[in-house]
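The next block holds one structure in the form of C-alpha cells; read it before the comments.
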Protein chains: 2
Amino acid sequence: MKWSELEQETCSMARTLSVIGDRWTLLILRDCFLGVRRFDDFHERLGVTRGILADRLKQLSKAGVLKKVAYQEHPPRHEYKLTGKGLDLYPVILSIVHWGDVHMAGEDGRPVLHQHMACGHAFDPRMVCSECGTTLSPHDVKVLQGPGKAADRNLPVRPAGKMAQS
Amino acid sequence: MKWSELEQETCSMARTLSVIGDRWTLLILRDCFLGVRRFDDFHERLGVTRGILADRLKQLSKAGVLKKVAYQEHPPRHEYKLTGKGLDLYPVILSIVHWGDVHMAGEDGRPVLHQHMACGHAFDPRMVCSECGTTLSPHDVKVLQGPGKAADRNLPVRPAGKMAQS
DNA sequence: CTACGTAAGTTCTGTTTCAGAACCTACGTG
DNA sequence: CACGTAGGTTCTGAAACAGAACTTACGTAG
C-alpha cells in the first residue's frame with residue numbers, strides 16, 4: 001500500500017494517516033499549536049529541509065488543516081494558520097505529547113507543563129466517554145460496525161478477548 | 001534530522017514520534033487494539049510487506065510497546081501483545097480515529113462505532129482537564145517550562161497569540 | 001520417508017522518498 | 001546597485017520502501 005492509496009481505505013485511522021501520518025507533518029502541527037506561522041520559522045525550529053517543509057505545508061493546506069493567509073503584499077508574504085479542522089487535531093497532539101511525558105521523559109522530568117487557564121491548574125489530558133464522563137480504557141470499549149463500513153476488514157478478529165478498537 | 005536523532009530531542013512529541021511516528025507502526029497498533037496478535041494476520045490485514053512488518057514489530061518490542069510471547073513450542077510460535085506502555089497509547093489511537101470520523105468520513109458515515117461497556121452508550125472520545133474535568137481547547141491552555149527542558153526550543157514564539165502547546 | 005503445509009521471518013532488486021546544499025524570485029533598504 | 005529577506009525550487013547522493021522469492025523449523029497426510 002502506498003501513501004496515495006491510504007486515503008481510500010474505509011478505516012478512519014488510515015484516512016487520517018493519509019493526512020498526518022508522517023513525522024514531519026506532526027512536528028509541523030506541534031509548532032502550529034505553539035504559534036509558529038512562517039516558513040523560515042518552521043525551517044529553523046524543526047531542522048527539516050526546505051523541500052520537505054514546502055511539500056508538507058502544501059499537503060496540509062490542500063487537506064484543509066492549514067490555510068495560507070497573506071499578511072502583507074509588496075513584497076508578498078504569507079503565514080500558515082490552523083483552520084477549524086486543524087484545531088480539531090488538538091487532542092491528537094496532546095495525547096501524543098502526554099504519552100511522551102509519561103513514558104519517554106528523561107530523568108529531569110517532562111520538558112513542558114500545561115496550564116489550564118479555565119481552572120488555573122497544571123493538568124494532564126484525560127480521555128473520557130462523551131456520554132458518561134468516565135475515563136476510557138481499551139478494556140471496556142466495544143467496536144461496532146458503523147454505516148460507512150465496506151465489509152469485514154478492520155473489525156475484531158479471533159476469539160476477540162477483551163480489547164477492541166478501530 | 002534523521003529518525004535516529006529524534007529520540008534525543010527534549011520535546012516529548014519528538015520522542016514519542018521516534019517510536020510511533022510512522023504510518024505502518026500506527027496501523028499495526030490499531031490492529032493490536034482490535035485483537036490481532038500474529039505476524040501473518042498483520043501481514044494480511046495491513047498489506048504491508050513482510051520486511052517492514054518484521055522491522056516495525058522489532059522496534060515496537062524494543063521500545064516496550066509490544067512484547068513477544070510464545071504461545072507454543074514445537075514448532076516455536078509467538079504472538080505480539082500490547083504491554084501497559086502500549087495500552088497507554090489508546091488515547092492516541094482513539095483521538096486519531098475520532099478526527100477521521102469527523103473530518104474524513106465518506107458520505108455513508110463513519111465505518112465503525114464505539115460502545116462504552118461501562119455505560120452502554122455509543123460514544124465519542126472527549127479530552128478533558130484532569131483537574132476540573134472540562135473539555136480542553138487549544139485557546140485556554142498555556143505552555144510552561146517544565147523541569148526537563150534543555151532551553152529555549154519548543155516554547156511559544158512571537159507575540160504568542162492565544163494558542164499554545166507542546 | 002517424501003511431499004506438502006504453515007508460522008515467522010530474511011534476502012534480493014529496483015523504485016521512491018529524503019537530506020543537504022545551492023540556487024531563484026520579488027521585493028525593500030542603505 | 002549591492003545587499004538582505006521571505007518563501008520557495010532544483011540538484012545529487014543516501015536511505016527507506018515495495019514486491020517477490022527464499023529460509024527455517026516444525027507437523028501432517030499419503
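These numbers were taken from a predicted model, which means no experiment stands behind them. Throughout, a chain's letter reflects where its sequence line sits, starting with A, and its residues are numbered from 1.
Closest to the side chain of Phe39(A), from the set dA7(C), dG7(D), dA19(C), is dG7(D). When distances are taken from the side chain of Arg23(B) to each of dG9(C), dA18(D), dG7(D), the shortest belongs to dA18(D). Taking the side chain of Arg56(A) as heavy atoms from C-beta on, and the options dA7(C), dC18(C), dG8(D), the nearest nucleotide is dC18(C). Nearest nucleotide to the Lys68(B) side chain, out of dG9(C), dC17(D), dG8(D): dG9(C).
The distance from atom CD1 of Ile52(A) to atom C1' of dA21(C) is 14 Å, rounded to the nearest whole Å. Note: CG (Leu57(B)) to C1' (dT10(C)) measures 14 Å, nearest angstrom. To the nearest angstrom, P of dA7(C) lies 6 Å from CG of Asp40(B). In this structure, Leu46(A) places its CG atom 15 Å from P of dC18(C), rounding to the nearest Å. Distance, Ile28(B) CD1 to dG9(C) C1': 14 Å, rounded to whole Å. The distance from atom OH of Tyr80(A) to atom P of dA6(D) is 14 Å, rounded to the nearest whole Å. The NZ-C1' distance, from Lys58(B) to dG9(C), rounds to 8 Å in whole Å. To the nearest angstrom, P of dA21(C) lies 16 Å from CG of Leu53(A).
Closest heavy-atom contact between Thr10(B) and Pro111(A): O-CG, 2.9 Å. When all heavy atoms of Thr134(B) and His116(A) are compared, the closest pair comes out as OG1-CE1, 3.1 Å. Taking every heavy atom of both residues into account, Arg37(B) and Phe42(B) meet most closely at C-CE1, 3.6 Å.
Using a cutoff of 4.0 Å between basic side-chain nitrogens and carboxylate oxygens, Arg23(B) and Asp22(A) are not scored as salt-bridged.
A donor-acceptor contact under 3.5 angstrom links the side-chain atoms of Arg50(B) to the base of dA8(C).
Residues Val128(A) and Pro125(B) form no side-chain contact, since every pair of their non-hydrogen atoms from C-beta on lies 4.5 Å or further apart. Within the 4.5 Å cutoff, the side chain of Lys81(B) has no heavy atoms near those of the Leu66(B) side chain.
Geometrically, Arg77(B) does not engage Phe39(B) in a cation-pi contact defined by less than 6.0 Å to the ring centre and at most 45° from the axis.
Proximity of Trp24(A) to the phosphate of dT17(C): no side-chain N or O atom is located under 4.0 Å from OP1 or OP2.
Within residues 70-78 of chain A, the residues approaching DNA chain D are Tyr71(A), Arg77(A), His78(A), by heavy-atom distance under 4.0 Å.
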